[in-house]
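First the structure, in the form of C-alpha coordinates, and then the observations on it.
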Number of protein chains: 2
Amino acid sequence: MPEVKKDLRIQRTRKLIMDSFIDLSGKKEFRDITVKDITTEAMINRATFYYHFDDIYDLLEKALSEVLMVNLEGAQFESSTLDEGTFIKLFTAITDFQLSLSRRCHRGYEETIARIIREQLEVVLYGMLIKDHEELPELKTVAVMLSWALYGASVDWKNNYADQSPEAYIERVIPYLISSVNIS
Amino acid sequence: MPEVKKDLRIQRTRKLIMDSFIDLSGKKEFRDITVKDITTEAMINRATFYYHFDDIYDLLEKALSEVLMVNLEGAQFESSTLDEGTFIKLFTAITDFQLSLSRRCHRGYEETIARIIREQLEVVLYGMLIKDHEELPELKTVAVMLSWALYGASVDWKNNYADQSPEAYIERVIPYLISSVNIS
DNA sequence: GCAAATGTGTTGGATAAACAACATAATCCA
DNA sequence: TGGATTATGTTGTTTATCCAACACATTTGC
(Lines give C-alpha, C1' and ligand atoms only; values in the text may rest on other atoms or scores of the structure.)
Protein backbone atom coordinates (compact mmCIF):
# COMPACT_ATOMS: atom_id res chain seq x y z
CA MET A 1 0.00 0.00 0.00
CA PRO A 2 2.79 2.50 0.51
CA GLU A 3 4.07 3.02 -3.01
CA VAL A 4 7.11 0.75 -3.00
CA LYS A 5 10.12 2.33 -4.67
CA LYS A 6 11.80 -0.56 -6.33
CA ASP A 7 15.29 0.66 -7.28
CA LEU A 8 17.66 -1.15 -4.95
CA ARG A 9 19.75 1.99 -4.49
CA ILE A 10 16.73 3.84 -3.14
CA GLN A 11 15.81 1.07 -0.72
CA ARG A 12 19.39 0.72 0.44
CA THR A 13 20.05 4.43 0.84
CA ARG A 14 16.87 5.00 2.80
CA LYS A 15 17.70 2.09 5.04
CA LEU A 16 21.21 3.42 5.62
CA ILE A 17 19.84 6.84 6.52
CA MET A 18 17.12 5.51 8.80
CA ASP A 19 19.42 3.06 10.54
CA SER A 20 22.02 5.74 11.10
CA PHE A 21 19.42 8.10 12.44
CA ILE A 22 17.99 5.53 14.84
CA ASP A 23 21.50 4.65 15.89
CA LEU A 24 22.40 8.27 16.56
CA SER A 25 19.14 8.79 18.41
CA GLY A 26 20.37 6.29 20.93
CA LYS A 27 23.52 8.31 21.51
CA LYS A 28 22.35 11.92 21.57
CA GLU A 29 19.22 13.99 21.64
CA PHE A 30 17.32 14.78 18.49
CA ARG A 31 18.11 18.47 18.65
CA ASP A 32 21.84 17.69 18.70
CA ILE A 33 21.71 15.49 15.62
CA THR A 34 22.68 17.21 12.37
CA VAL A 35 22.14 16.10 8.80
CA LYS A 36 25.90 15.99 8.54
CA ASP A 37 26.10 13.50 11.41
CA ILE A 38 23.60 11.23 9.72
CA THR A 39 25.18 11.31 6.28
CA THR A 40 28.65 10.75 7.71
CA GLU A 41 27.46 7.75 9.68
CA ALA A 42 25.51 6.40 6.71
CA MET A 43 28.40 6.99 4.29
CA ILE A 44 26.27 8.94 1.85
CA ASN A 45 26.57 12.41 0.41
CA ARG A 46 24.63 15.16 2.08
CA ALA A 47 22.97 16.08 -1.19
CA THR A 48 21.63 12.54 -1.36
CA PHE A 49 19.91 13.05 1.96
CA TYR A 50 17.93 15.92 0.47
CA TYR A 51 17.05 13.76 -2.52
CA HIS A 52 15.07 11.55 -0.15
CA PHE A 53 13.95 13.86 2.64
CA ASP A 54 12.95 17.53 2.80
CA ASP A 55 14.85 18.06 6.03
CA ILE A 56 15.64 16.37 9.30
CA TYR A 57 12.07 16.77 10.58
CA ASP A 58 10.81 14.98 7.53
CA LEU A 59 13.21 12.17 8.36
CA LEU A 60 12.06 12.09 11.98
CA GLU A 61 8.51 11.75 10.79
CA LYS A 62 9.18 9.01 8.29
CA ALA A 63 11.50 7.12 10.58
CA LEU A 64 8.99 7.10 13.41
CA SER A 65 6.19 6.11 11.05
CA GLU A 66 8.23 3.21 9.83
CA VAL A 67 9.14 1.96 13.28
CA LEU A 68 5.55 2.22 14.43
CA MET A 69 4.36 0.48 11.29
CA VAL A 70 6.69 -2.40 12.01
CA ASN A 71 5.17 -2.68 15.48
CA LEU A 72 1.67 -2.61 14.05
CA GLU A 73 2.49 -5.16 11.39
CA GLY A 74 3.69 -7.40 14.17
CA ALA A 75 0.06 -7.38 15.32
CA GLN A 76 -0.91 -8.70 11.89
CA PHE A 77 -3.66 -6.15 11.55
CA GLU A 78 -3.85 -6.76 7.83
CA SER A 79 -5.38 -10.19 8.22
CA SER A 80 -7.66 -9.47 11.14
CA THR A 81 -10.87 -7.63 11.89
CA LEU A 82 -11.47 -5.25 14.76
CA ASP A 83 -12.32 -7.53 17.64
CA GLU A 84 -11.28 -7.34 21.26
CA GLY A 85 -8.04 -9.26 20.72
CA THR A 86 -6.72 -7.04 17.95
CA PHE A 87 -7.85 -3.99 19.86
CA ILE A 88 -5.59 -5.03 22.73
CA LYS A 89 -2.75 -5.78 20.34
CA LEU A 90 -3.06 -2.36 18.78
CA PHE A 91 -2.92 -0.75 22.18
CA THR A 92 0.16 -2.64 23.29
CA ALA A 93 1.84 -1.86 19.97
CA ILE A 94 1.37 1.83 20.77
CA THR A 95 2.63 1.58 24.32
CA ASP A 96 5.62 -0.51 23.20
CA PHE A 97 6.41 2.13 20.62
CA GLN A 98 6.13 4.94 23.14
CA LEU A 99 8.33 3.09 25.57
CA SER A 100 11.04 2.59 22.95
CA LEU A 101 10.82 6.30 22.16
CA SER A 102 11.14 7.36 25.78
CA ARG A 103 14.51 5.64 25.86
CA ARG A 104 15.69 7.77 22.95
CA CYS A 105 14.93 11.28 24.07
CA HIS A 106 12.82 13.09 21.51
CA ARG A 107 11.84 15.75 24.03
CA GLY A 108 10.07 18.69 22.49
CA TYR A 109 8.57 16.68 19.66
CA GLU A 110 5.65 15.11 21.47
CA GLU A 111 3.21 16.83 19.11
CA THR A 112 4.85 15.40 16.03
CA ILE A 113 5.04 11.95 17.52
CA ALA A 114 1.43 12.06 18.64
CA ARG A 115 0.27 13.03 15.17
CA ILE A 116 2.31 10.26 13.56
CA ILE A 117 0.87 7.65 15.86
CA ARG A 118 -2.69 8.83 15.32
CA GLU A 119 -2.37 9.01 11.56
CA GLN A 120 -0.95 5.51 11.33
CA LEU A 121 -3.57 4.16 13.67
CA GLU A 122 -6.27 5.75 11.59
CA VAL A 123 -5.10 3.99 8.45
CA VAL A 124 -4.87 0.64 10.18
CA LEU A 125 -8.23 0.99 11.91
CA TYR A 126 -10.00 2.01 8.74
CA GLY A 127 -8.50 -0.97 6.95
CA MET A 128 -10.00 -3.23 9.59
CA LEU A 129 -13.38 -1.52 9.74
CA ILE A 130 -14.06 -1.88 6.04
CA LYS A 131 -13.61 -5.62 6.34
CA ASP A 132 -16.70 -5.87 8.50
CA HIS A 133 -18.70 -3.20 6.73
CA GLU A 134 -18.33 -1.47 3.39
CA GLU A 135 -16.37 1.61 2.41
CA LEU A 136 -18.24 4.50 3.96
CA PRO A 137 -17.18 8.05 4.79
CA GLU A 138 -18.70 7.47 8.21
CA LEU A 139 -16.19 4.71 8.85
CA LYS A 140 -13.39 7.20 8.18
CA THR A 141 -14.70 9.26 11.02
CA VAL A 142 -15.05 6.23 13.27
CA ALA A 143 -11.42 5.43 12.53
CA VAL A 144 -10.41 8.99 13.41
CA MET A 145 -12.28 8.82 16.71
CA LEU A 146 -10.95 5.41 17.66
CA SER A 147 -7.39 6.49 16.82
CA TRP A 148 -7.71 9.51 19.10
CA ALA A 149 -9.25 7.32 21.77
CA LEU A 150 -6.45 4.75 21.64
CA TYR A 151 -3.76 7.38 21.59
CA GLY A 152 -5.36 9.24 24.48
CA ALA A 153 -5.57 6.01 26.44
CA SER A 154 -1.89 5.35 25.88
CA VAL A 155 -1.03 8.79 27.25
CA ASP A 156 -3.27 8.19 30.25
CA TRP A 157 -1.69 4.79 30.82
CA LYS A 158 1.82 6.24 30.66
CA ASN A 159 0.96 9.10 33.05
CA ASN A 160 -1.25 7.37 35.57
CA TYR A 161 -1.21 3.60 35.22
CA ALA A 162 2.33 2.70 34.22
CA ASP A 163 2.50 0.39 37.24
CA GLN A 164 0.09 -2.05 35.59
CA SER A 165 0.49 -3.77 32.25
CA PRO A 166 -0.96 -2.14 29.12
CA GLU A 167 -3.01 -5.28 28.54
CA ALA A 168 -4.60 -5.09 31.98
CA TYR A 169 -5.25 -1.39 31.58
CA ILE A 170 -7.07 -1.72 28.28
CA GLU A 171 -8.85 -5.02 28.93
CA ARG A 172 -10.41 -3.49 32.02
CA VAL A 173 -12.08 -0.80 29.90
CA ILE A 174 -13.16 -2.65 26.81
CA PRO A 175 -16.50 -4.01 28.10
CA TYR A 176 -17.64 -0.54 29.15
CA LEU A 177 -16.37 0.97 25.92
CA ILE A 178 -18.33 -1.50 23.82
CA SER A 179 -21.55 -1.08 25.74
CA SER A 180 -21.28 2.69 25.71
CA VAL A 181 -20.87 2.64 21.96
CA ASN A 182 -23.68 0.16 21.50
CA ILE A 183 -26.09 2.30 23.48
CA SER A 184 -25.67 5.42 21.41
CA MET B 1 50.05 3.19 0.29
CA PRO B 2 47.06 1.31 -1.13
CA GLU B 3 45.70 3.60 -3.81
CA VAL B 4 42.76 5.13 -1.98
CA LYS B 5 39.64 5.31 -4.13
CA LYS B 6 37.94 8.47 -2.97
CA ASP B 7 34.42 8.27 -4.39
CA LEU B 8 32.13 7.65 -1.44
CA ARG B 9 30.02 5.23 -3.43
CA ILE B 10 33.06 3.03 -4.02
CA GLN B 11 34.11 3.05 -0.40
CA ARG B 12 30.59 2.34 0.77
CA THR B 13 29.88 -0.42 -1.72
CA ARG B 14 33.17 -2.20 -0.99
CA LYS B 15 32.48 -1.97 2.71
CA LEU B 16 28.99 -3.36 2.26
CA ILE B 17 30.33 -6.27 0.23
CA MET B 18 33.19 -7.02 2.61
CA ASP B 19 31.02 -6.76 5.71
CA SER B 20 28.39 -9.01 4.19
CA PHE B 21 31.02 -11.53 3.18
CA ILE B 22 32.60 -11.58 6.62
CA ASP B 23 29.16 -11.87 8.15
CA LEU B 24 28.22 -14.79 5.90
CA SER B 25 31.57 -16.44 6.59
CA GLY B 26 30.50 -16.69 10.20
CA LYS B 27 27.36 -18.54 9.20
CA LYS B 28 28.46 -20.94 6.49
CA GLU B 29 31.55 -22.30 4.84
CA PHE B 30 33.27 -20.41 2.08
CA ARG B 31 32.45 -23.03 -0.54
CA ASP B 32 28.75 -22.63 0.24
CA ILE B 33 28.76 -18.86 -0.17
CA THR B 34 27.60 -17.60 -3.56
CA VAL B 35 27.98 -14.18 -5.11
CA LYS B 36 24.21 -13.97 -5.00
CA ASP B 37 24.22 -14.51 -1.24
CA ILE B 38 26.67 -11.68 -0.77
CA THR B 39 24.93 -9.19 -3.02
CA THR B 40 21.54 -9.96 -1.50
CA GLU B 41 22.86 -9.43 2.00
CA ALA B 42 24.70 -6.25 0.95
CA MET B 43 21.68 -4.92 -0.96
CA ILE B 44 23.65 -4.35 -4.13
CA ASN B 45 23.22 -5.56 -7.68
CA ARG B 46 25.18 -8.60 -8.71
CA ALA B 47 26.69 -6.73 -11.64
CA THR B 48 28.09 -4.21 -9.18
CA PHE B 49 29.96 -6.99 -7.44
CA TYR B 50 31.80 -7.72 -10.65
CA TYR B 51 32.57 -4.05 -11.05
CA HIS B 52 34.71 -4.28 -7.91
CA PHE B 53 35.92 -7.87 -7.85
CA ASP B 54 36.89 -10.38 -10.52
CA ASP B 55 35.13 -13.19 -8.70
CA ILE B 56 34.53 -14.56 -5.24
CA TYR B 57 38.13 -15.68 -4.84
CA ASP B 58 39.29 -12.17 -5.57
CA LEU B 59 36.96 -11.00 -2.82
CA LEU B 60 38.27 -13.63 -0.41
CA GLU B 61 41.77 -12.44 -1.08
CA LYS B 62 41.02 -8.74 -0.66
CA ALA B 63 38.83 -9.26 2.39
CA LEU B 64 41.47 -11.32 4.15
CA SER B 65 44.16 -8.82 3.23
CA GLU B 66 42.13 -6.04 4.68
CA VAL B 67 41.38 -7.83 7.93
CA LEU B 68 45.02 -8.78 8.35
CA MET B 69 46.10 -5.24 7.55
CA VAL B 70 43.83 -3.92 10.27
CA ASN B 71 45.49 -6.33 12.70
CA LEU B 72 48.93 -5.21 11.60
CA GLU B 73 48.05 -1.55 11.81
CA GLY B 74 47.01 -2.19 15.37
CA ALA B 75 50.67 -3.00 15.96
CA GLN B 76 51.52 0.49 14.68
CA PHE B 77 54.23 -0.87 12.44
CA GLU B 78 54.28 2.34 10.45
CA SER B 79 55.87 4.33 13.23
CA SER B 80 58.25 1.70 14.51
CA THR B 81 61.46 0.00 13.50
CA LEU B 82 62.13 -3.71 13.57
CA ASP B 83 63.13 -4.36 17.16
CA GLU B 84 62.25 -7.24 19.45
CA GLY B 85 58.99 -5.65 20.64
CA THR B 86 57.54 -5.05 17.19
CA PHE B 87 58.70 -8.47 16.12
CA ILE B 88 56.58 -10.00 18.87
CA LYS B 89 53.65 -7.78 17.97
CA LEU B 90 53.85 -8.85 14.36
CA PHE B 91 53.83 -12.47 15.39
CA THR B 92 50.82 -12.10 17.66
CA ALA B 93 49.00 -10.17 14.94
CA ILE B 94 49.45 -13.18 12.69
CA THR B 95 48.36 -15.72 15.26
CA ASP B 96 45.36 -13.56 16.20
CA PHE B 97 44.41 -13.39 12.55
CA GLN B 98 44.76 -17.14 12.08
CA LEU B 99 42.69 -17.78 15.16
CA SER B 100 39.88 -15.56 13.90
CA LEU B 101 40.04 -17.43 10.59
CA SER B 102 39.84 -20.83 12.21
CA ARG B 103 36.50 -19.83 13.67
CA ARG B 104 35.19 -19.09 10.18
CA CYS B 105 35.98 -22.24 8.28
CA HIS B 106 37.93 -21.45 5.15
CA ARG B 107 38.97 -25.05 4.77
CA GLY B 108 40.66 -25.81 1.49
CA TYR B 109 42.06 -22.32 1.08
CA GLU B 110 45.08 -22.58 3.33
CA GLU B 111 47.38 -21.88 0.39
CA THR B 112 45.62 -18.66 -0.51
CA ILE B 113 45.54 -17.50 3.07
CA ALA B 114 49.19 -18.33 3.59
CA ARG B 115 50.18 -16.34 0.54
CA ILE B 116 48.11 -13.35 1.63
CA ILE B 117 49.68 -13.32 5.05
CA ARG B 118 53.20 -13.62 3.68
CA GLU B 119 52.70 -10.90 1.08
CA GLN B 120 51.34 -8.46 3.61
CA LEU B 121 54.06 -9.26 6.07
CA GLU B 122 56.66 -8.70 3.40
CA VAL B 123 55.39 -5.20 2.69
CA VAL B 124 55.27 -4.28 6.36
CA LEU B 125 58.68 -5.75 7.12
CA TYR B 126 60.31 -4.00 4.20
CA GLY B 127 58.80 -0.71 5.33
CA MET B 128 60.43 -1.18 8.71
CA LEU B 129 63.77 -2.35 7.41
CA ILE B 130 64.34 0.69 5.22
CA LYS B 131 63.93 2.91 8.24
CA ASP B 132 67.12 1.49 9.74
CA HIS B 133 69.00 1.13 6.47
CA GLU B 134 68.46 2.49 2.99
CA GLU B 135 66.41 1.16 0.12
CA LEU B 136 68.30 -1.86 -1.13
CA PRO B 137 67.24 -4.84 -3.22
CA GLU B 138 68.91 -7.00 -0.57
CA LEU B 139 66.45 -5.72 2.02
CA LYS B 140 63.59 -6.91 -0.19
CA THR B 141 64.99 -10.38 0.07
CA VAL B 142 65.48 -10.06 3.81
CA ALA B 143 61.81 -9.05 4.06
CA VAL B 144 60.83 -12.09 2.01
CA MET B 145 62.82 -14.41 4.24
CA LEU B 146 61.57 -12.91 7.47
CA SER B 147 57.97 -13.07 6.24
CA TRP B 148 58.36 -16.77 5.48
CA ALA B 149 60.04 -17.30 8.82
CA LEU B 150 57.27 -15.59 10.77
CA TYR B 151 54.54 -17.35 8.86
CA GLY B 152 56.23 -20.70 9.30
CA ALA B 153 56.57 -20.04 13.01
CA SER B 154 52.87 -19.27 13.26
CA VAL B 155 52.03 -22.60 11.61
CA ASP B 156 54.41 -24.41 13.95
CA TRP B 157 52.90 -22.63 16.94
CA LYS B 158 49.38 -23.55 15.89
CA ASN B 159 50.29 -27.20 15.27
CA ASN B 160 52.63 -27.91 18.14
CA TYR B 161 52.62 -25.17 20.75
CA ALA B 162 49.06 -23.90 20.91
CA ASP B 163 49.07 -24.66 24.65
CA GLN B 164 51.42 -21.75 25.31
CA SER B 165 50.90 -18.11 24.43
CA PRO B 166 52.18 -16.80 21.08
CA GLU B 167 54.27 -14.25 22.97
CA ALA B 168 55.98 -16.92 25.03
CA TYR B 169 56.57 -19.05 21.97
CA ILE B 170 58.25 -16.32 19.97
CA GLU B 171 60.11 -14.60 22.81
CA ARG B 172 61.76 -17.90 23.64
CA VAL B 173 63.30 -18.03 20.17
CA ILE B 174 64.28 -14.46 19.49
CA PRO B 175 67.69 -14.48 21.23
CA TYR B 176 68.80 -17.53 19.26
CA LEU B 177 67.40 -16.10 16.07
CA ILE B 178 69.31 -12.86 16.45
CA SER B 179 72.60 -14.53 17.28
CA SER B 180 72.26 -17.00 14.45
CA VAL B 181 71.71 -14.17 12.03
CA ASN B 182 74.55 -12.12 13.48
CA ILE B 183 77.01 -14.99 13.07
CA SER B 184 76.45 -15.45 9.42
C1' DG C 1 29.68 42.45 19.21
C1' DC C 2 31.84 40.34 15.32
C1' DA C 3 34.67 37.11 12.92
C1' DA C 4 35.31 32.31 12.04
C1' DA C 5 33.50 28.11 11.91
C1' DT C 6 29.83 25.05 11.14
C1' DG C 7 25.28 23.72 9.37
C1' DT C 8 21.45 24.10 5.77
C1' DG C 9 19.54 23.62 1.43
C1' DT C 10 20.24 23.81 -3.78
C1' DT C 11 22.35 23.27 -8.38
C1' DG C 12 24.85 21.12 -12.83
C1' DG C 13 27.78 17.97 -14.54
C1' DA C 14 30.29 13.48 -13.86
C1' DT C 15 30.06 8.67 -12.62
C1' DA C 16 28.96 4.40 -9.93
C1' DA C 17 25.41 1.38 -9.68
C1' DA C 18 20.85 -0.59 -11.06
C1' DC C 19 18.41 -3.12 -14.33
C1' DA C 20 17.42 -6.35 -17.89
C1' DA C 21 18.93 -9.47 -20.90
C1' DC C 22 22.04 -12.76 -22.48
C1' DA C 23 25.23 -16.95 -23.01
C1' DT C 24 27.41 -20.38 -20.57
C1' DA C 25 28.73 -23.40 -16.66
C1' DA C 26 27.72 -25.99 -12.53
C1' DT C 27 24.47 -28.50 -9.63
C1' DC C 28 20.47 -31.07 -8.58
C1' DC C 29 17.39 -34.89 -8.74
C1' DA C 30 14.20 -38.19 -10.99
C1' DT D 1 21.60 -40.11 -18.35
C1' DG D 2 19.23 -35.77 -19.29
C1' DG D 3 16.25 -31.89 -18.32
C1' DA D 4 15.47 -28.33 -14.96
C1' DT D 5 17.15 -25.22 -11.90
C1' DT D 6 20.52 -22.21 -10.10
C1' DA D 7 25.01 -19.73 -10.34
C1' DT D 8 28.50 -17.16 -13.07
C1' DG D 9 30.17 -13.51 -15.85
C1' DT D 10 29.23 -9.81 -19.35
C1' DT D 11 26.98 -5.89 -21.78
C1' DG D 12 24.14 -1.41 -23.03
C1' DT D 13 21.16 1.77 -21.22
C1' DT D 14 19.07 4.34 -17.49
C1' DT D 15 19.25 6.51 -13.12
C1' DA D 16 20.59 7.46 -8.31
C1' DT D 17 24.35 9.30 -6.14
C1' DC D 18 28.63 11.85 -5.84
C1' DC D 19 31.14 16.07 -5.98
C1' DA D 20 32.11 20.86 -5.99
C1' DA D 21 30.46 25.05 -5.55
C1' DC D 22 27.23 28.28 -4.05
C1' DA D 23 24.26 31.57 -0.94
C1' DC D 24 22.45 31.91 3.30
C1' DA D 25 21.49 30.80 8.31
C1' DT D 26 23.14 29.44 12.96
C1' DT D 27 26.42 28.69 16.40
C1' DT D 28 30.84 29.45 18.66
C1' DG D 29 34.37 31.73 21.04
C1' DC D 30 37.27 35.72 21.73
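This one's a predicted model, so the numbers in the text were calculated from it and none came from an experiment. Chain letters run A, B, ... following the sequence lines, proteins first, then strands; residues in each count from 1.
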Of the candidate nucleotides [options], which contains the atom at the shortest distance from the side chain of [X]?
| X | options | value |
| --- | --- | --- |
| A/Ala47 | D/dA16, C/dT11, C/dC19 | C/dT11 |
| B/Asp55 | D/dG9, C/dA17, D/dT17 | D/dG9 |
| B/Val35 | D/dC19, C/dA17, D/dT8 | D/dT8 |
| A/Tyr50 | C/dT10, D/dC19, C/dC19 | C/dT10 |
| A/Thr13 | C/dC19, D/dT17, D/dA7 | D/dT17 |
| A/Arg12 | C/dG9, C/dA17, D/dC19 | C/dA17 |
| A/Tyr51 | D/dC19, C/dA20, D/dT17 | D/dT17 |

- Query: Checking only heavy atoms, does the side chain of B/Arg46 share a donor-acceptor pair with the base of D/dG9 at less than 3.5 Å?
  - Reply: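 Present.
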
- Message: Given the structure, check if the side chain of B/Arg9 and the base of D/dT17 hold any donor-acceptor pair shorter than 3.5 Å.
- Response: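 Present.
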
- Nucleotide-resolved protein contact map, nucleotides 23-29 of chain C, B/S/- at heavy-atom distance under 4.0 Å: -------

[atom1] of [X] versus [atom2] of [N]: gap in Å, rounded?
| X | N | atom1 | atom2 | answer |
| --- | --- | --- | --- | --- |
| A/Phe49 | C/dT8 | CZ | P | 9 Å |
| A/Lys15 | D/dA16 | NZ | C1' | 19 Å |
| B/Ile10 | C/dT15 | CD1 | C1' | 9 Å |
| B/Gln11 | D/dT17 | CD | C1' | 14 Å |
| A/Asn45 | C/dG9 | CG | P | 15 Å |
| A/Lys36 | C/dG9 | NZ | C1' | 14 Å |
| B/Asp7 | D/dA16 | CG | P | 17 Å |
| A/Lys6 | C/dA17 | NZ | P | 20 Å |

- Item | Carboxylate-amine/guanidinium contact B/Lys28 B/Asp32, below 4.0 Å |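 No.
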
- Task: Taking only Lys NZ, Arg NE, NH1 and NH2, and the carboxylate oxygens of Asp or Glu, determine whether A/Glu61 and A/Arg115 approach each other closer than 4.0 Å.
- Result: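 Judged by the 4.0 Å cut-off on N to carboxylate O distance, A/Glu61 and A/Arg115 do form a salt bridge.
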
- Task: Sequence neighbours left out, what passes ring-ring contact (aromatic ring centres under 6.0 Å, His included) with A/Tyr57? Give chain and number order.
- Result: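 If we apply the ring-ring contact (aromatic ring centres under 6.0 Å, His included) test to A/Tyr57, skipping adjacent residues, the hits are A/Phe30.
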
Short side-chain donor-acceptor distance under 3.5 Å, [Y] and [X]:
| X | Y | value |
| --- | --- | --- |
| A/Gln98 | A/Ser154 | yes |
| B/Asp23 | B/Ser20 | no |
| B/Asp156 | B/Tyr169 | yes |

- Report yes if a side-chain nitrogen or oxygen of A/His52 is closer than 4.0 Å to either non-bridging phosphate oxygen (OP1 or OP2) of D/dA16; otherwise report no.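 False: A/His52 side-chain N/O out of range (4.0 Å or more) of D/dA16 OP1/OP2.
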
- Task: Just jot down the side chain to side chain donor-acceptor pair (under 3.5 Å) partners of A/Tyr126, sequence neighbours excluded, or say none.
- Result: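 Not a single residue meets the side chain to side chain donor-acceptor pair (under 3.5 Å) criterion with A/Tyr126.
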
- Query: Between B/Phe91 and B/Phe87, is the gap from one ring center to the other below 6.0 Å?
  - Reply: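 That pair fails the under 6.0 Å test.
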
